[in-house]
2 protein chains.
Amino acid sequence: MFNVFLHYLQSKINLTEDEIRLIESVSIIKKLKKHQFLLSEAEICTHSGFVCSGFLRKYSIDDKGIEHTVYFATENWWISDRQSLMDGTPSKYYIDAIEDSFVLLISKTDFEKLSEKIPQFKDMVNTILQRSLNATHERINTTLIATAEEKYIQFLKSFPKIANRVPRRMLASYLGITPETLSRIRKNISTK
Amino acid sequence: MFNVFLHYLQSKINLTEDEIRLIESVSIIKKLKKHQFLLSEAEICTHSGFVCSGFLRKYSIDDKGIEHTVYFATENWWISDRQSLMDGTPSKYYIDAIEDSFVLLISKTDFEKLSEKIPQFKDMVNTILQRSLNATHERINTTLIATAEEKYIQFLKSFPKIANRVPRRMLASYLGITPETLSRIRKNISTK
DNA sequence: AAAAAGTCTTGATAAATGTCAAGTATAAAT
DNA sequence: ATTTATACTTGACATTTATCAAGACTTTTT
């Protein structure tokens with residue numbers, strides 16, 4: 001599984017043999033069965049996660065017990081609760097596996113060590129952060145501008161590969177609508 | 001006006017005289033009258049902006065001509081369209097002044113130069129990016145979880161200082177509701 | 001293979017929010 | 001200071017989306 005991560009890294013930066021060995025030495029491979037948790041609310045997030053295979057999601061649960069999906073992560077995506085990781089505060093989120101998955105974990109201190117010792121690694125992370133921020137801003141804009149139907153169509157366009165892998169009720173919770181509404185939207189679109 | 005920026009920098013990092021002079025040499029002070037634009041849709045964003053005084057907002061306009069505010073920025077806040085700045089693509093957003101303002105601008109290349117020559121500057125920017133990303137994730141979660149009234153109350157709590165300075169229709173567009181709905185929410189709260 | 005659990009869809013109804021129109025209040029321009 | 005423009009509020013009504021309940025379909029477990 002480390003090879004998946006290595007391929008990812010090598011598609012972005014050049015690494016020496018020593019650097020690769022250093023990265024591998026701090027990488028923890030974790031196998032997650034479907035429904036298994038990587039993080040639960042009130043826990044403190046201690047590791048950055050990189051999805052080698054499978055599918056995970058991050059969500060919060062409100063007062064009424066309703067889940068709200070804030071993020072999906074599949075192969076070659078990062079996942080963690082950066083807020084909790086950064087500040088050492090309890091997380092408000094759950095992260096669990098939608099499919100059987102392999103996640104590569106790097107502890108906070110090891111991650112900082114890598115950033116310090118491998119400048120390209122630090123720059124890569126920085127670039128990812130910026131792209132992530134752009135994507136998140138884009139999502140907020142879509143939320144403000146689009147109707148429920150438009151949001152759904154936009155999701156299909158933005159993530160064509162994962163759209164079929166996501167259970168509908170989770171997709172609904174990501175879009176901020178109920179499963180019933182999503183069901184009606186889909187019906188409505190199919191008759192066009 | 002450069003002093004406002006310098007104070008901000010010195011509250012976060014230590015700088016030598018030379019470094020300060022370097023930063024000052026690439027800083028452009030721009031005065032903006034109320035309603036004046038810093039960026040318009042279809043333009044390419046070329047500078048990072050730091051608000052020394054005043055108040056700005058960033059928004060998009062949809063097909064129906066309705067404005068959707070994605071961001072407010074007051075003293076000591078950064079503002080730009082990072083997506084456009086990073087990729088050199090035309091912006092989807094407008095940035096204009098809600099109040100007469102002074103904005104300190106640094107061009108993309110100068111910003112990169114500063115990051116390269118002043119490591120603490122780069123680290124500071126990185127930290128700001130991370131905090132910004134956390135705040136944006138938080139906003140998405142609130143959008144998914146909260147009712148219109150809860151979003152409004154949350155805004156008051158999160159930004160007590162600027163709540164009174166923001167025209168209501170812009171606040172409404174930030175919350176993703178109409179001015180009429182905001183008006184009714186306020187009335188409803190005041191009678192409690 | 002059958003039973004159980006969970007998921008998706010559909011219908012009836014309720015609640016929240018939007019739209020349009022008019023009036024009031026406030027700020028800007030002359 | 002008066003006029004003009006803009007912003008805010010309120011009411012009546014329309015639309016969208018949520019809620020609740022039931023049935024159909026899938027997947028998982030036994």
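Chain identifiers are assigned alphabetically (A, B, ...) following the order of the sequence lines, protein sequences preceding nucleic acid strands; residue numbering begins at 1 within each chain.
Across the protein-nucleic acid pair, I66(B) atom CD1 and dT17(C) atom C1' stand 13 Å apart, rounded to whole Å. If you take NZ of K33(B) and P of dA28(C), they are 12 Å apart, rounded to a whole angstrom. What separates CD1 of I185(B) from P of dC8(D) is a distance of 15 Å, to the nearest Å. At whole-Å resolution of the value, CZ in R169(B) and C1' in dG18(C) are 18 Å apart. Straight-line distance from the CZ atom of R186(A) to the P atom of dT17(D): 17 Å, rounded to whole Å. For the pair I177(B) CD1 and dT16(D) C1', the interatomic distance rounds to 16 Å; values are reported in whole Å. Separating the NZ atom of K151(B) from the C1' atom of dA16(C) is a distance of 11 Å, rounded to the nearest angstrom. Distance, L171(A) CG to dT9(C) P: 11 Å, rounded to whole Å.
Residue-level contact check: K64(B) touches neither bases nor backbone, having no heavy atom under 4.0 Å from any strand. Residue contacts for L182(A): at a heavy-atom cut-off of 4.0 Å it reaches no nucleic acid atom on any strand shown. Among the protein residues, R184(B) comes within range of the nucleic acid bases, having at least one heavy atom under 4.0 Å from a base atom.
Judged purely by distance below 3.5 Å, without hydrogens or angles, the side chains of R165(A) and T74(A) pair a donor atom with an acceptor atom.
Toward the 5' end of DNA chain C, the nearer of the two residues A146(B) and P179(A), judged by each one's closest nucleotide, is P179(A).
Counting only heavy atoms from C-beta on, K34(B) has its side chain closest to dA28(C) among dG18(C), dC8(C), dA28(C). Nearest nucleotide to the E180(B) side chain, out of dC8(D), dT9(C), dA21(C): dA21(C).
Ion pairing between a basic and an acidic side chain is recognised when a charged N comes within 4.0 Å of a carboxylate O; E149(A) and K187(A) show no such pairing.
Put simply, T181(A) has no side-chain N or O that comes within less than 4.0 Å of OP1 or OP2 on dT17(D). Note on T178(A): a side-chain N or O is less than 4.0 Å away from OP1 or OP2 of dA18(D). Applying the 4.0 Å criterion to OP1 and OP2 of dG11(C), one finds that K187(A) has a side-chain N or O inside that range. Remark: R168(B) is in phosphate contact with dT9(D), judged by side-chain N or O atoms under 4.0 Å from OP1 or OP2.
A donor-acceptor pair under 3.5 Å links the side-chain atoms of K108(B) to the main chain of M86(B), judged by distance alone.
For R139(A) and Y174(A), the positive end sits near the middle of the six-membered ring, less than 6.0 Å away and at most 45° from its axis.
In summary, of the residues considered (W77(A), F102(A), W78(A)), a ring pair (Phe, Tyr, Trp, His ring centres under 6.0 Å) with F50(A) occurs for W78(A) alone.
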